[in-house]
Each structure stands twice: as C-alpha cells, then as structure tokens.
Number of protein chains: 2
Amino acid sequence: MRLSSGVPATLPENVRERLEAHYRRRGFRRTPQRETIVAAAFSSEEHFTADELWERARSIDPRTSRATVYRTISFLLDADLIREIDLSQGQAVYDPNFVEKPNHNHLVCVDCGRMIEFEDSHLEVFHECLTRRLGFLPSRQNLRIEACCETLRTTGRCAHLIEARIKGKRLPGRRR
Amino acid sequence: MRLSSGVPATLPENVRERLEAHYRRRGFRRTPQRETIVAAAFSSEEHFTADELWERARSIDPRTSRATVYRTISFLLDADLIREIDLSQGQAVYDPNFVEKPNHNHLVCVDCGRMIEFEDSHLEVFHECLTRRLGFLPSRQNLRIEACCETLRTTGRCAHLIEARIKGKRLPGRRR
DNA sequence: ATGTCTGCAAAGATTTTGCAGCTGA
DNA sequence: TCAGCTGCAAAATCTTTGCAGACAT
C-alpha cells in the first residue's frame, strides 16, 4: 500500500504541515484511505464535489468508499484544509486553495459558470476595517462576484448556462 | 378569497412594480396561491427557507401546498425578486431584500450565525473596477464576511453554534 | 488489545416532477 | 374554452449513519 507509510511527498508544504498538526492535535488515525483521499483533494487546484473527489480517489485506489470520502471531507473542513464554497448548485463544492491563498475570492460568470480566483490586498484591508466598524472581529471573508465573462461579452452569449436558465432547470434532489 | 383580486397593497412599491412587470412579461397567471406566497415572502425582511415560507403562507391560507411554494420560489428567483444566499446549511435560504437594497452584503457571526446586512458605496465602486480589470462585465456582487460578533467578543463565546461545531454536527440529507 | 475506521446498505432530508383535476383569462 | 396551475404522492439526489468486521497504534 504505497500511501500507508505517511503523507505523500507531493502534498504542498503548507498542506502537509497543517495536516500533520491536525493528526496530532485530534489523535486521528492515519489510514490508507484517508491518505488517498487527501492526496486526491490536493492533486489539483480545481474545486471539487464529493463525487468528483470520490472519482479522483478511486483512480488512485479503487477500493475507496463514498462514505469515507464524506467522512474525510469533514476531517479536512475541520482542519481548515478545504472550504465549502457557494455555487448554489444542488451539491456542496469544496475549494482546496485556501491554504495557499487564505484570502482569495471568486468571480463567477453568470452565464457559463466559469470561475476565476483572485486576491486583492485593498479588499483585505477594506474587509478588516468594515468588520471592525460594524463591531465584529474579522475572521474569514469571501467576496463572490457574479459577472459576464469575455466570451459572453464578445459573442453575446456563451451557450452553456443559457439552456439551463431558459428551462428554469434546477437539479433535482438538493441538496442544495 | 381575500387575496384573489390583486397583489395586496401591503407589498412595497418596488416589489409590486417588478412583480406586475413579471406577470405581464411572462404571461403568468395570477392565482390566489401565488399571491399568498408572494405576500408571505415579503411580509418580513427576514431570510427564509422553503419550509419557513410554507409555514408563513399557510398561516395566511392553510390550503397552500409545499410544491407550489417551491414553484413560486422559482418564479420569484426568475423575477429577481428574491435571491438565494449562501448559508452552507442543508437547505437553500432566500433573501427578499435585494429589491430595496440591490447591492447589500452579509456579515455572519462564525459562532452564533447571526447575520447583519450592510451596504457600502466604496465596495460597490471597488467591485465595478475589479470586475472590469479582470475582463468581465459587472453584474451582481455579494460580499460575505464571516466574523465574530459582539457577544462572542465580550463573553468569549456565544453558546449557539459552539455545540454544533464541537460535535462536527451537520444536518443530514443535503442538502447541504 | 482496543478504540477507531471502513464499507455497505439503509435511512434522512430537501427539492423536483408526473398526473389528474381545477381555474383564471 | 383551454393552457397553465395546484395538490398529492412518488421519484430523484445528495449526505449521513448503524453495524459488523478490519486495522492502526
């Protein structure tokens, strides 16, 4: 079992450190399944759903179960290694990039759904001031901007989401 | 049927206008159920879930069905009379205040979940510039800040969410 | 040795939908 | 009249959980 001897070296430094700390702090056990799923979560900077993570994990080790994926997601959320982000879809979407970029934000195309991550120091300062002004202590911030992407702007449309919108189509079940 | 003769006068002016326009534009029918549910949605500035809206609607007219509530929510979203906001709970939460305050934002206490709405003109300008700089056309924006509220700051804790957090409790079903 | 973890299948929860009958325009 | 709307119950989807056996420490 290639992953059972420790966290794989391919994990980013920051991620590995925080992961180790979390294992120690909480006394969690280091199981092959967990290591596999964690590796899968950080194998790319792409956001993922529970099922997409399951897919990735199974391509590393086919004997991974969906339940364990969900349990590992809780583990990663608890360690603040990933965060749930709002896509208002029927399912939760997770972002593994907050370890490297703790204050990044999201710009989403209202049409095709394409998403861009960006950081901005002005915004960070602004957020800090604003929060204090309202009598709160700053903690996390995330700006989500919906806008029209380049394709939409130049072409006049990007087919993708238009269909779904016109039909008023929403995913069944919810969840979301 | 007290609501069948038109949109009740209690709806805010802006809401009523946009609602009328939407009825005309889309050729939707004006049914007692819809009027009831719309009235319920704007009977308070509070955010609501589908079930809470159903509850409110039934207190006006007990013969309202859950399915129609869901269908009316789609109708209201389509008219941009309400918006879905991110609470990362297991269910969708809707905000009826975007008609009156099209650019408002949310500050959420990470502990008790208390939510404050605020507007800020600096942020609006910022959002506009930023979006264009990234090559997009601005559309909607919503800043969601997570922070520690006053109770938490002074008392050191506000019991509410602490329990849920410690247990790692999440609502079953998805929903979220 | 033992308390934690996994996998499976079943349960839970939210949201959508098919259909038959009703109703607004 | 008749296309669109409602209510009901069933379906669909995502997520959590109980339990028995496996395993990390």
Side-chain angles (χ1 to χ4, degrees), chain A residues 1 3-7 23-24 26-38 48-55 57-58 61-78 84 87-94 164 167-176, chain B residues 1 3-7 20 22-24 26-38 48-55 57-58 61-78 84 87-94 164 167-176:
Chain A
M1 195 124 315
L3 295 171
S4 61
S5 54
V7 179
Y23 269 128
R24 275 192 305 266
R26 298 285 208 156
F28 280 121
R29 286 187 184 166
R30 199 177 293 265
T31 68
Q33 288 89 336
R34 249 180 217 158
E35 308 277 277
T36 300
I37 297 167
V38 172
F48 52 82
T49 63
D51 256 36
E52 284 162 2
L53 182 56
W54 189 36
E55 204 56 60
R58 277 188 302 172
D61 180 347
R63 300 182 343 250
T64 315
S65 82
R66 198 189 245 115
T68 301
V69 167
Y70 277 104
R71 286 188 274 235
T72 304
I73 285 175
S74 294
F75 169 84
L76 291 173
L77 285 172
D78 189 36
E84 190 172 337
L87 288 185
S88 297
Q89 293 174 307
Q91 41 192 329
V93 177
Y94 303 95
K167 293 185 190 166
K169 202 179 187 177
R170 320 190 74 215
L171 304 172
R174 171 290 149 180
R175 311 273 282 107
R176 349 206 314 142
Chain B
M1 197 122 313
L3 294 171
S4 62
S5 54
V7 178
E20 300 288 357
H22 197 62
Y23 269 129
R24 275 193 303 267
R26 298 286 209 157
F28 281 122
R29 284 187 188 166
R30 200 177 292 266
T31 69
Q33 288 90 338
R34 248 181 217 156
E35 309 277 277
T36 299
I37 297 167
V38 171
F48 53 82
T49 63
D51 255 35
E52 284 162 3
L53 183 55
W54 190 37
E55 204 57 62
R58 277 188 302 174
D61 179 348
R63 302 185 340 252
T64 316
S65 82
R66 199 189 243 115
T68 301
V69 167
Y70 278 105
R71 285 188 274 235
T72 304
I73 285 175
S74 294
F75 168 84
L76 291 172
L77 285 172
D78 189 35
E84 191 171 337
L87 287 184
S88 296
Q89 292 173 307
Q91 41 192 330
V93 177
Y94 303 94
K167 293 185 188 167
K169 201 180 186 176
R170 322 189 75 216
L171 305 172
R174 168 326 104 131
R175 269 231 100 38
R176 228 152 220 74

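Below, chains carry the letters A, B, ... as their sequence lines are ordered, and counting in each starts from 1.
- With hydrogens and angles ignored, the 3.5 Å screen pairs a side-chain donor or acceptor of Trp54(A) with a backbone N or O of Thr64(A).
- Note: CD (Gln33(A)) to C1' (dT4(C)) measures 12 Å, nearest angstrom.
- Using a 4.0 Å cut-off, some side-chain N or O of Arg34(B) falls inside it from OP1 or OP2 of dC5(D).
- The residue among Gly27(B) and Ala50(A) whose nearest nucleotide of DNA chain D is located toward the 5' end is Gly27(B).
- Distances from the side chain of Thr68(A) to the nucleotides dG7(C), dC5(C), dT15(C) place dG7(C) closest.
- Ile37(B) approaches Ala57(B) most closely through the heavy-atom pair CG1-CB, 4.0 Å.
- The interatomic distance linking Ile73(A) (CD1) with dT15(D) (P) rounds to 8 Å, in whole Å.
- Taking atom CG of residue Asp51(A) and atom P of nucleotide dT16(D), one finds them 13 Å apart after rounding to whole Å.
- Atom-to-atom, CD of Gln91(B) to P of dT16(C) comes out at 13 Å; the value is rounded to the nearest Å.
- Here dT14(C) presents its C1' atom at 16 Å from CZ of Phe48(B), a figure rounded to the nearest Å.
- In this entry the distance linking CZ of Arg63(B) with P of dC5(D) reads 18 Å, nearest Å.
- One atom, CD of Glu35(B), and another, P of dT6(D), lie 11 Å apart when rounded to the nearest Å.
- Among all heavy-atom pairs drawn from Leu53(B) and Ile73(B), the shortest one is CD2-CG1, 3.8 Å.
- Between Tyr70(B) and dT16(C) there is no side-chain polar atom (N or O) within less than 4.0 angstrom of OP1 or OP2.
- OP1 or OP2 of dT6(C) sits under 4.0 Å from a side-chain N or O of Thr31(A).
- Phe28(A) and Arg34(A) get closest at one heavy-atom pair: CB-NH1, 3.6 Å.
- Summarising the geometry, the separation between CH2 on Trp54(A) and C1' on dT6(C) is reported as 14 Å, rounded to the nearest angstrom.
- Between the side chain of Arg29(B) and the base of dA3(D), at least one donor-acceptor pair of N or O atoms lies under 3.5 Å.
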Name the pairs: protein N/O against N/O of nucleotides 8-10 of chain C, kept only if under 3.5 Å.
none

